[in-house]
Structure formats: structure tokens, C-alpha cells
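See structure below.
Worth saying up front: this structure is predicted, and the values here are computed from it rather than measured.
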Amino acid sequence: YPFRLKTQPRSCGNRKLELECDDENNRTIFPMKYGNFYVQHISYSDGTIQLLDVSLGNDNCSIPHSSYPWYNPFAKKLYLYPTTPDLSIMFLVNCTTQINDSWVYINAFRCTNTPSPRPCYLYFLDGETANSDFHESCRIEAQVPIMLANITGLSTSDIYRKLLTGFQIAWFSYDDDNWILNRLLWLAILLPYALVTYIRGNLTFFLGGSSLSRFIGAPSKGTQIICVAITGKAPPFTMKVY
């Protein structure tokens with residue numbers, strides 16, 4: 001528990017956490033709303049699961065295209081959350097214009113045998129990239145999870161070396177019979193990650209950037225406000241962007 005296979009009885013595991021079998025590659029897949037991930041390891045003693053973007057397993061030139069939604073409760077009575085503040089997201093952006101001599105844009109192509117001329121240019125951007133640094137010719141393809149707090153200054157090979165190790169998340173399940181205790185436990189688990197995110201967000205905001213990349217699908221201009229609330233029957237950690 002809480003994972004299950006489609007072939008198991010419906011009473012087994014959580015139906016929102018149903019794993020699939022990739023018979024062709026003899027691997028287990030964890031399908032999510034914004035992409036699929038290979039299951040590298042599950043530790044029931046630690047309550048953690050290690051995942052790898054399926055896109056990265058295609059060949060040595062493949063590019064990650066799966067996103068992980070950080071902030072939404074994944075299923076009733078169960079939440080998925082990062083195991084460390086160093087687990088962050090980076091943007092994969094698709095640009096119609098080649099961007100040269102930029103420390104912000106890191107080439108996402110790791111092979112030299114790409115089509116010529118290229119139909120597009122793919123780059124990695126750190127998840128804390130300021131809105132002003134997004135080129136007008138670029139659009140976001142994915143928000144890719146990576147076990148690094150920041151990718152600024154890294155090379156393409158550095159990023160792929162880290163991506164291929166996968167990333168780890170944990171699950172937390174609760175019982176309505178112990179509502180207060182379970183909420184307190186959930187807050188204790190979430191608090192370190194929330195504090196780090198809050199501090200990073202404020203530092204980035206006051207330095208002229210935007211730290212909301214982890215909570216919204218694309219950069220946008222204008223005023224952005226995050227409200228964090230602890231309520232009754234609502235999820236214990238709720239974020240709204242206005």
C-alpha cells in the first residue's frame with residue numbers, strides 16, 4: 001500500500017496510484033497527469049518512491065518532457081511531497097530563435113546529430129528564473145523535476161547526469177479517525193520544505209525576479225500573490241495564485 005497494479009483486485013491499494021507494466025522494456029511505469037515516470041525503487045519502510053522520466057529512457061539523445069505537479073493533493077487521504085528542499089523544477093522551453101551567449105539558457109540537446117536546420121531550439125531554465133529573462137520567442141514545454149536546488153551555471157552534461165539518477169518523493173496517508181493528529185504530522189513533514197520555498201521566494205522577489213515558477217504553469221506579468229491557508233476539511237496546505 002498505497003500502490004497497486006491494474007491486474008489486482010479493486011480493494012488493493014489506492015486507485016489514484018495505479019502502476020502500469022511496460023512489457024516491451026520490462027519496467028514499471030507510474031503514470032501522472034503531466035507525464036509518465038519509470039519506477040526505479042519503492043521503499044515502504046521510508047515511504048519513498050524513486051522515479052525517472054520515461055522520456056529519458058528512449059535513447060541517449062532523448063529529452064525530458066514530463067512535468068510533476070508539486071502542490072496539488074494527489075489523492076484523497078494521501079499526499080505526495082518532495083523529500084528534500086533540493087528537489088526542484090526547471091523549465092524546458094521551446095524557442096523559435098537561437099539564443100547565444102546566455103548564462104540563463106542552457107542547451108537541452110545533448111547530442112550533435114540533431115536535425116539541421118533545427119525546427120526549434122530547446123533550452124533548460126532554472127525554476128527561479130525571473131520573468132524578465134524569458135525570451136519572447138520561447139514557450140514552456142515542461143516543468144521537469146530534478147534533484148538540484150538550482151541549475152544556474154551547470155553544463156548540459158551536468159544536468160543530464162543528474163536527471164538520469166531520477167528523483168525521490170514521499171507519500172503521506174491519513175485516516176479521518178485521527179484528523180487532528182494527521183494534520184499535525186502533515187504540517188511537520190511539509191514545514192521544512194515550505195520554509196525554504198518561502199525564503200527563496202522572498203529573496204528572489206525582492207531582488208527583482210519571480211519565485212512562483214513552482215506554483216504556476218508559465219511565467220506571467222503583473223502582480224502575483226500567494227495565500228497559504230490551513231483550514232478544516234480542505235487540504236492542509238492550500239495555495240492560490242491571483
Side-chain angles (χ1 to χ4, degrees), residues 30 32-38 40 48-56 63-74 79-94 102-108 110 122-134 138-172 189-220 224 226 228 237 239 241:
F30 186 10
M32 287 189 177
K33 184 176 181 179
Y34 300 107
N36 296 328
F37 297 88
Y38 283 129
Q40 295 179 300
T48 60
I49 181 171
Q50 184 82 10
L51 302 171
L52 174 69
D53 189 338
V54 167
S55 305
L56 292 171
I63 295 173
H65 282 281
S66 298
S67 298
Y68 177 72
W70 299 109
Y71 57 93
N72 286 330
F74 197 84
Y79 298 90
L80 298 180
Y81 63 94
T83 58
T84 169
D86 287 339
L87 175 55
S88 65
I89 68 103
M90 62 180 181
F91 292 117
L92 173 68
V93 296
N94 185 333
S102 172
W103 62 270
V104 177
Y105 288 77
I106 303 172
N107 185 15
R110 50 177 168 160
L122 295 177
Y123 299 96
F124 292 129
L125 275 74
D126 185 72
E128 303 292 348
T129 300
N131 290 348
S132 58
D133 287 328
F134 277 83
C138 302
R139 63 184 178 86
I140 295 175
E141 290 280 320
Q143 296 185 66
V144 182
I146 186 170
M147 291 293 287
L148 288 171
N150 191 294
I151 65 167
T152 303
L154 297 182
S155 66
T156 302
S157 58
D158 290 335
I159 291 176
Y160 276 101
R161 193 177 299 112
K162 198 65 178 178
L163 283 174
L164 290 171
T165 65
F167 66 98
Q168 187 183 79
I169 54 177
W171 68 83
F172 172 78
I189 291 171
L190 184 64
L191 188 58
Y193 178 78
L195 285 175
V196 171
T197 303
Y198 175 79
I199 293 170
R200 286 177 181 166
N202 278 279
L203 287 174
T204 307
F205 177 78
F206 287 114
L207 291 175
S210 170
S211 64
L212 299 180
S213 59
R214 300 181 189 188
F215 310 117
I216 56 177
S220 60
Q224 300 164 323
I226 289 183
V228 179
F237 187 68
M239 290 191 179
V241 177

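Contact annotation: the side chain of Phe134 never approaches that of Val104 to less than 4.5 Å [non-hydrogen atoms, C-beta and beyond]. Residues Tyr105 and Cys138 are in side-chain contact: their nearest non-hydrogen atoms beyond the backbone lie under 4.5 Å apart. Residues Ile63 and Tyr160 form a side-chain contact, since some pair of their non-hydrogen atoms from C-beta on lies under 4.5 Å apart. A heavy-atom distance below 4.5 Å is found between the side chains of Ile146 and Ser88. Considering only heavy atoms from C-beta on, Pro82 stays 4.5 Å or farther from Phe167 through its side chain.
Across Leu122 and Asn107, no two heavy atoms sit closer than the pair O-OD1, 3.6 Å. When all heavy atoms of Met32 and Ile169 are compared, the pair lying nearest together is CE-CD1, 4.2 Å. Nearest approach of Asp126 to Phe91, heavy atoms of both residues: O-CD1, 3.8 Å. Between Leu148 and Lys162, the shortest heavy-atom distance links the atoms CG-CG, 3.7 Å. Contact record, Gln40 with Gly166: OE1-CA, 3.5 Å, taken as the closest heavy-atom pair. Between Ile106 and Ser155, the closest heavy-atom pair is CG2-C, 4.2 Å.
Note that CG of Leu92 is 12.0 Å distant from OH of Tyr123, once rounded to the nearest 0.5 Å. Taken from CG in Leu125 to OG in Ser102, the straight-line distance is 7.5 Å, to the nearest 0.5 Å. Annotation: the span from Asn36 atom CG to Phe30 atom CZ amounts to 10.0 Å, rounded to 0.5 Å. Considering CG of Leu56 and CZ of Phe37, their distance stands at 9.5 Å, rounded to 0.5 Å.
Inspection of the Asp53 and Ser66 side chains reveals an N or O donor paired with an N or O acceptor under 3.5 Å.
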Q | Evaluation steps, side chain to side chain contact (heavy atoms under 4.5 Å, CB included), between Gln168 and Leu87 | A | CA-CA 8 Å; Gln168 187 183 79; Leu87 175 55; over 6 Å; no
Q: I would like to know whether Met90 and Ile159 meet side chain to side chain contact (heavy atoms under 4.5 Å, CB included); could you show each step before the answer?
A: CA-CA 10 Å; Met90 62 180 181; Ile159 291 176; 3.5 Å; yes
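Applying side-chain contact (heavy atoms from CB on, under 4.5 Å) to Phe124 and the options Val93, Ile151, Leu154 leaves one that passes, Ile151.
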